[in-house]
Amino acid sequence: MQVGIFQTQEAAADYAAAHIIDVVGGATDPVLGVATGSTPLKLYERLRAAHAAGTFTLAGKKAIALDEYVGIADDHPERYRNVLRTELVGEDKTGLTDELLFTPDSSAPDPQAAAARYDEQIRALGGATIQILGIGSDGHIAFNEPGGSLVSRTHVDVLTAQTRTDNARFFDGDLAKVPTESISQGLGTIMEAKEIILLAFGEGKARAVKELVEGAVSAKWPATVLQMHPKVTVLVDEAAASQLELADFYTERWNARH
Ligand code: GLP
């Protein structure tokens with residue numbers, strides 16, 4: 001795991017965008033794994049700017065989402081498919097087309113079957129060339145909440161009270177409006193991405209980042225499974241890095257390589 005500690009979120013997003021532009025630009029038939037939540041928004045802004053400048057495009061390329069709320073209205077702005085459309089789809093965004101944006105079908109009558117279909121679809125696409133990740137304050141990635149299987153496939157998961165409280169800000173601050181379940185790529189599915197880039201910003205993520213980087217691999221902190229992946233980069237700001245015991249060493253190593 002490489003850990004990059006940046007003074008600002010902007011600097012981390014600059015690095016992430018440049019790296020993704022390199023990887024996607026250099027791959028044949030790349031599949032970009034995209035995340036939602038507030039964390040990747042500055043990165044997406046930079047990808048749109050690069051598209052506008054003609055140095056990057058997702059035109060004709062595929063993107064796969066991590067997860068989706070179950071039971072959310074098709075036209076709800078917080079439906080992850082709609083969030084990703086707003087951020088990435090269209091010539092005026094990154095050139096990604098709606099047909100090549102893959103998300104779980106969370107309005108299917110049988111969400112578990114829809115989850116299995118989505119897992120198959122990801123396999124058929126060959127998995128993500130590079131997967132963008134955020135992290136929940138309880139250590140979840142996608143919507144893999146604590147206590148799940150570390151090798152799970154795409155499945156229906158129940159959201160923890162912590163996650164629903166964290167996400168209430170996207171639903172007028174009203175906890176009652178936050179869906180209770182999701183379809184989420186499993187940890188085993190995510191681990192099949194060829195490369196992973198995880199971003200985390202702010203004090204609220206400091207404990208989760210400490211566990212992710214320095215904790216024991218455990219279902220209690222699902223993101224710790226990433227320690228078993230051969231190519232993971234963790235990009236954090238100083239607040240999110242504030243509980244890391246070996247922060248100085250990570251910075252030394254990062255500086256030696258960049
Ligand atoms: C959400 C998403 C995750 C995201 C995380 C953190 O619930 N399912 O993919 O990484 O929680 O969200 P944020 O970036 O808004 O802090």
Side-chain angles (χ1 to χ4, degrees), residues 6 9-10 12-13 16 32-46 63-72 76-84 86-88 101-104 106 111 115 118 122 128 130-146 148 152 154-173 175 177-187 189-191 193 196-209 211-213 221-226 232-237 239-241:
F6 292 81
Q9 297 184 21
E10 285 72 18
L32 180 62
V34 289
T36 46
S38 49
T39 304
L41 294 179
K42 289 196 167 78
L43 159 62
Y44 295 154
E45 195 180 296
R46 283 153 178 76
I64 54 175
L66 283 170
D67 48 9
E68 183 61 278
Y69 290 113
V70 168
I72 195 164
H76 196 295
E78 289 304 325
R79 185 181 175 222
Y80 283 165
R81 184 170 186 88
N82 294 336
V83 170
L84 292 166
T86 305
E87 293 297 316
L88 302 173
L101 169 63
F102 297 86
T103 59
S106 66
Y118 190 57
I122 293 169
I130 182 164
Q131 175 66 57
I132 300 162
L133 287 181
I135 186 168
S137 60
D138 65 358
H140 72 246
I141 50 174
F143 269 132
N144 290 279
E145 295 286 25
S152 61
T154 304
H155 61 282
V156 177
D157 209 338
V158 172
L159 306 186
T160 61
Q162 176 71 59
T163 296
R164 294 186 65 240
T165 306
D166 286 352
N167 288 5
R169 68 190 195 280
F170 297 118
F171 293 86
D172 314 319
L175 192 58
K177 290 186 184 166
V178 184
T180 56
E181 288 187 330
S182 69
I183 293 178
S184 176
Q185 278 195 38
L187 293 173
T189 318
I190 294 169
M191 287 289 281
I196 291 174
I197 189 161
L198 183 146
L199 298 103
F201 303 132
E203 186 73 47
K205 300 292 173 70
R207 175 75 198 277
V209 167
E211 297 296 338
L212 159 69
V213 179
W221 294 93
T224 57
V225 74
L226 298 176
V232 178
T233 306
V234 175
L235 304 173
V236 291
D237 63 1

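Order of appearance sets the numbers: ligands from 1, and atoms from 1 within every ligand. The figures here come from the full heavy-atom set of this structure, side chains too, leaving out hydrogens, waters and symmetry mates.
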**Student:** Any idea which part of Asp67 is under 4.0 Å from ligand 1, heavy-atom wise: side chain, backbone, both or neither?
**Tutor:** side chain
**Student:** What do the steps show when you test Thr36 against Leu66 for side-chain contact (heavy atoms from CB on, under 4.5 Å), and what is the final call?
**Tutor:** CA-CA 8 Å; Thr36 46; Leu66 283 170; over 6 Å; no
**Student:** Got the closest protein heavy atom to atom 5 (C) of ligand 1, with its distance?
**Tutor:** His140 NE2, 3.6 Å
**Student:** At under 4.0 Å between heavy atoms, is it the side chain or the backbone of Gln185 that contacts ligand 1, or both, or neither?
**Tutor:**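 Looking at Gln185 and ligand 1, no heavy atom falls under 4.0 Å.
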**Student:** Counting heavy atoms only, which of Gly204, Ala142, Ala35 comes nearest to atom 3 (C) of ligand 1?
**Tutor:** Ala142
**Student:** Side chain of Arg207, backbone of Ser137: donor and acceptor closer than 3.5 Å?
**Tutor:** no
**Student:** I want to know if ligand 1 touches Thr163 in the polar sense, i.e. an N/O pair below 3.5 angstrom.
**Tutor:**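 No, Thr163 has no N/O under 3.5 Å of an N/O on ligand 1.
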**Student:** Could you give the distance from CG (Leu159) to CZ (Phe143), rounded to the nearest 0.5 Å?
**Tutor:** 5.0 Å
**Student:** Just heavy atoms, cut-off under 4.0 Å: does Tyr80 contact ligand 1 by side chain, backbone, both, or neither?
**Tutor:** side chain
**Student:** Report the part of Ser184 in contact with ligand 1, treating N, CA, C, O as backbone and CB onward as side chain, heavy atoms under 4.0 Å; options are side chain, backbone, both, neither.
**Tutor:**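 Neither part.
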**Student:** Tell me which protein heavy atom sits closest to atom 4 (C) of ligand 1, plus the residue, atom name and distance to 0.1 Å.
**Tutor:**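 Heavy-atom neighbour on the protein nearest atom 4 (C) of ligand 1: Thr36 O, 4.0 Å.
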**Student:** What is the nearest protein non-hydrogen atom to atom 16 (O) of ligand 1, stated with its residue, atom name and distance?
**Tutor:**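 The closest heavy atom on the protein side is Lys205 NZ, 2.6 Å.
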**Student:** Could you pull out all residues at least two apart from Phe171 that satisfy ring-ring contact (aromatic ring centres under 6.0 Å, His included)?
**Tutor:**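 ring-ring contact (aromatic ring centres under 6.0 Å, His included) check on Phe171 returns Tyr69, His76.
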**Student:** Who's closest to atom 6 (C) of ligand 1 heavy-atom-wise, of Leu198, Thr39, Leu199, Ile135?
**Tutor:**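 Nearest heavy atom to atom 6 (C) of ligand 1 lies in Ile135.
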**Student:** Which residue and non-hydrogen atom of the protein lie closest to atom 12 (O) of ligand 1, and at what distance in Å?
**Tutor:** Gly37 CA, 4.0 Å
**Student:** What distance do Glu203 atom CD and Asp237 atom CG have between them, rounded to the nearest 0.5 Å?
**Tutor:**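 The distance works out to 9.5 Å.
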